[in-house]
Structure formats: C-alpha cells, structure tokens
Amino acid sequence: MRFCCLGSGSGGNAYVVEHTNTTLLVDCGFSLTDLKKRLAARFLSLSEITAVIISHEHGDHVKCLNFLLKETVKPVYMTAGTAQAISFNGNWTRLQAGTITSIGDLQLLPVTVPHDAAEPVQFVFDNGSQRLGLFTDLGHVTTAVRNACHNLHALIVEYNYAADLLAANHRYPQRTKARIAGRLGHLENSATAELISQIQHPQLKHVVAAHLSAHNNTKTRVIQSLSAVANGIATHIADQQEGVGWLNIINRPYHPLT
C-alpha cells in the first residue's frame with residue numbers, strides 16, 4: 001500500500017490511498033483544476049481513480065465534488081448525514097461508522113469523530129497486510145479513535161493549532177477561537193502528541209502531521225512535538241501547497257480489522 005497527500009489545511013484537503021488496482025481519492029477540497037494539477041504532480045489522473053471517499057461536508061473537503069462527477073463517473077462513498085448536508089443528488093454508497101466496506105483491493109473502516117459536521121467520519125484503510133489511519137478534523141481524541149489507531153503501520157493525523165498561538169491571534173473573533181478549541185473543533189498539538197505516545201509501536205513506521213492552521217500553528221512547533229514523541233518513526237508534514245509525496249508502507253506483522 002502507498003499513500004500521499006495532495007494538500008492539507010483550511011484551504012483544501014485531499015489524499016490518495018493506493019493498493020494494486022485500487023486508487024481511492026479521499027476528499028476533494030480544491031477546485032477541479034487545482035485537483036487535477038495536484039494529481040498530475042503525483043503522476044495520476046482522474047481516470048485512474050477507483051472511487052471517491054468523503055469524510056464530511058465542509059467546503060475544504062468537498063469543494064469540487066459535483067464538478068468532478070460531471071467530468072467523470074466515479075463511485076462515491078459517504079455517510080448519510082454528509083450526503084444530506086450537501087444535498088447530494090448523485091449515486092452514492094452509504095458509509096456507517098464501525099462497518100467495514102470493501103472497495104476493490106482495500107477495506108475501509110469509517111470511524112466516528114467529534115467534529116462540527118452532520119455525520120463526520122475518518123478512516124482506517126486495510127489491504128490485508130497493512131493498515132493506514134487517517135484522522136483529521138476532530139475536536140478531541142475519543143476512545144473509538146484511540147482504539148482505531150492501535151496496530152497501524154502509518155498514520156495521518158491532525159496537528160491543527162498551538163493553544164498559545166490561538167489565544168494570541170487577534171484576527172479571530174472569540175467565537176471562532178472557541179469553535180476551534182472546542183470538543184467539536186480541531187486537535188491541539190499536545191493532544192495529538194499524547195495520542196501518538198499512546199498508540200506508537202514498532203510496526204508504526206510513518207506519521208504524517210496534517211491540517212496545520214496557517215495562523216495558529218507553525219511547522220517548527222509541529223516538528224518539535226513530533227521529535228519529542230515519535231521515537232523511531234519517520235515523520236512528515238503535509239502542508240497546504242505541497243502536501244506529502246508518495247509514502248510506501250512495507251510489510252510488517254499484521255493485525256486485521258475487527
């Protein structure tokens with residue numbers, strides 16, 4: 001299995017997960033033109049996408065969904081709450097948290113996350129020998145999230161804001177700060193670091209920090225945090241412009257989804 005990030009942040013989010021003949025586009029929070037350029041930078045085109053997976057309805061995750069589907073017919077997977085929230089009129093397959101869905105050569109486990117959306121989920125991808133977790137856009141780490149993150153071989157996880165930088169940010173009104181820092185908002189650096197400390201194990205080889213705030217966090221802060229907790233793990237930062245290039249998950253001892 002391999003994966004990449006096409007870009008991550010409040011300006012747009014999209015990821016690609018690939019195994020053998022299955023290529024999944026997870027979220028599409030860019031303009032269609034921008035998405036095509038970002039795919040091309042990873043030597044991909046829309047024609048190679050097997051299916052589109054949507055985590056929730058916020059614009060930085062679904063911006064070009066309707067335009068994408070006008071150009072190419074792809075299966076779309078999302079929760080019922082997300083479909084209703086975006087008034088989706090096309091064909092789609094329902095995702096239910098805790099229920100595994102098979103898509104080509106991959107299995108997908110949606111996991112409920114606490115976020116201010118209708119029915120948001122994040123994901124664990126499983127190819128039968130490797131597991132990748134994708135967990136962004138959550139206000140706090142729940143037991144379900146923590147349990148889903150055990151026995152992963154790679155993890156993409158939100159490092160959204162530093163508490164002191166958010167508090168000192170005079171651009172944001174107090175209600176916006178409260179929303180970000182609330183239990184349905186986004187993950188603060190120390191909460192993410194604690195999660196990594198709790199779930200790391202010898203088979204976890206990659207951690208990608210994602211969804212960094214442009215105004216309330218810095219790469220230096222995130223690098224310092226990762227250095228302190230990610231012992232023996234290759235760490236990466238997915239930024240808004242470049243994302244992260246292809247990362248391969250090598251075979252390791254395996255624990256299947258349950």
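No experiment lies behind these values; they were computed from the predicted model shown. Every heavy atom of this structure was used, including side-chain atoms; hydrogens, water molecules and symmetry mates were not.
Note on ring orientation: taking the six-membered ring where Trp is involved, the planes of His61 and His56 are tilted (angle from 30° to 60°).
Checked against a 6.0 Å centroid threshold, the rings of His206 and His153 do not count as neighbours.
Looking at Leu106 and Met1, their side chains come closer than 4.5 Å, going by heavy atoms from C-beta outward. Side-chain contact check for Arg42 versus Trp246: some heavy-atom pair is nearer than 4.5 Å. Ile156 is listed as a side-chain neighbour of Phe3, based on a closest heavy-atom distance under 4.5 Å. At a threshold of 4.5 Å between non-hydrogen side-chain atoms, the residues Leu226 and Ile196 count as touching. Using a 4.5 Å cut-off on side-chain heavy atoms (C-beta onward), Phe123 and Leu109 make no contact. Contact of the Leu32 side chain with the Leu46 side chain is registered, since non-hydrogen atoms from C-beta on lie closer than 4.5 Å. Side-chain contact between Tyr15 and Ser8 is present, with heavy atoms from C-beta onward closer than 4.5 Å. In this structure, the side chains of Leu6 and Cys4 come closer than 4.5 Å at one or more pairs of heavy atoms.
Annotation for Glu48: atom CD counts as buried by contact number, over 12 foreign heavy atoms lying within 6.0 Å. With a 6.0 Å radius and a threshold of 12 heavy atoms from other residues, nucleotides or ligands, Gln198 has its CD atom above the threshold. When the shell of 6.0 Å around CZ of Arg183 is examined, it contains 12 or fewer heavy atoms from other residues, nucleotides or ligands.
The closest side-chain donor-acceptor pair between Asp27 and Asn13, if any, does not fall under 3.5 angstrom. Side chains of Ser10 and Asp60: no donor on one and acceptor on the other come within 3.5 Å. Tyr159 and Ser225 share a donor-acceptor pair across their side chains, judged by distance under 3.5 Å alone. No donor-acceptor contact under 3.5 angstrom links the side chains of His186 and His211, judged on distance only. Using a 3.5 Å distance cut-off with no hydrogens or angles, the side chains of Ser47 and Ser45 do pair a donor with an acceptor.
Hydrophobic clustering (side-chain heavy atoms under 4.5 Å, transitive across Ile, Leu, Val, Met, Phe, Trp, Tyr) keeps Ile54 apart from Val111. At a threshold of 4.5 Å between side-chain heavy atoms, the hydrophobic network of Ile, Leu, Val, Met, Phe, Trp and Tyr places Val52 and Val16 in one connected group.
Pairing each heavy atom of Asn21 with each of Asp105, the nearest pair is N-OD2, 3.2 Å.
A donor-acceptor pair is defined here as one N or O able to donate and one able to accept, closer than 3.5 Å; no such pair exists between the side chain of Asn217 and the backbone of Ser213. Using modelled atom types, no side-chain atom of Lys36 and backbone atom of Ser31 make a donor-acceptor pair closer than 3.5 Å. At distances below 3.5 Å, not a single donor-acceptor pair connects side-chain atoms of His215 with backbone N or O atoms of Tyr172. Formation of a donor-acceptor pair under 3.5 Å by the Gln122 side chain with backbone atoms of Thr136 is found in this model.
Asp164 and Arg221 are joined by a salt bridge, as a carboxylate oxygen and a charged side-chain nitrogen come within less than 4.0 angstrom of each other.
Just one residue in the list Val157, Thr192, Leu195, Ile199 forms a side-chain contact (heavy atoms from CB on, under 4.5 Å) with Val141, and that residue is Leu195.
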